[in-house]
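To keep things clear, I will list the structure first and then write my remarks on it.
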Amino acid sequence: SIFRMVITPPPPARAFDVAVLGATGFTGRLACQYLAATYSSNVRWLIAGRSKSRLAALKESIGLEDSSVRLVDCYDDEALE
């Protein structure tokens, strides 16, 4: 037969559906507030940014779990993975 079946593995499972990088900035904070109000139980999402104290304050204000926060340096390729 000229047809072959190609089986590809499924993509790797991701821990989160959405990541908001720059979450403590003006636009990032708005995005986080929208996600918290609209998709809090349906979407697995995290906040990420450079300032640990600002991320902690945002996490408290929108009620995220500790596992949903990442301290990230945008110039560190490994941190962005």
Side-chain angles (χ1 to χ4, degrees):
S1 167
I2 61 170
F3 297 101
R4 290 185 298 170
M5 180 181 286
V6 177
I7 300 173
T8 58
R14 295 182 180 196
F16 296 97
D17 300 313
V18 177
V20 180
L21 181 59
T24 60
F26 179 77
T27 305
R29 182 176 291 277
L30 291 176
C32 291
Q33 290 169 346
Y34 177 80
L35 285 168
T38 309
Y39 299 106
S40 62
S41 62
N42 299 358
V43 176
R44 297 167 302 162
W45 60 286
L46 68 89
I47 60 174
R50 297 177 297 172
S51 171
K52 186 175 184 177
S53 61
R54 291 176 69 187
L55 285 169
L58 177 61
K59 177 188 77 94
E60 291 298 320
S61 73
I62 58 178
L64 280 180
E65 299 175 5
D66 287 338
S67 62
S68 300
V69 179
R70 298 289 186 278
L71 190 60
V72 176
D73 177 0
C74 296
Y75 297 106
D76 181 0
D77 290 339
E78 289 180 18
L80 296 173
E81 290 296 323

Mind listing the side-chain donor-acceptor pairs of residues 15-29 below 3.5 Å, one per line with the distance, residues two or more places apart or on another chain?
from: Asp17; atom 1: OD1; to: Arg44; atom 2: NH2; distance (Å): 2.9
from: Asp17; atom 1: OD2; to: Arg44; atom 2: N; distance (Å): 3.0

- Query: Rounded to the nearest 0.5 Å, how far apart are CG of Leu55 and CD1 of Ile47?
  - Reply: 5.0 Å
- Interatomic spacing from CD1 in Ile62 to OG in Ser68 - rounded to 0.5 Å: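 Going from the CD1 atom of Ile62 to the OG atom of Ser68 covers 9.0 Å.
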- Query: Does anything in residues 49-64 pair up under side chain to side chain donor-acceptor pair (under 3.5 Å), and if so which pairs, sequence neighbours excluded?
  - Reply: Ser51-Ser53, Lys59-Asp66
- So which heavy atom on Cys32 is nearest to which on Leu58, and how close?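 Heavy-atom minimum between the residues: SG-CD2, 4.0 Å.
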- Note on the structure: Heavy atoms of Tyr34 and Tyr39 approach each other most closely as CE2-CE1, 3.7 Å
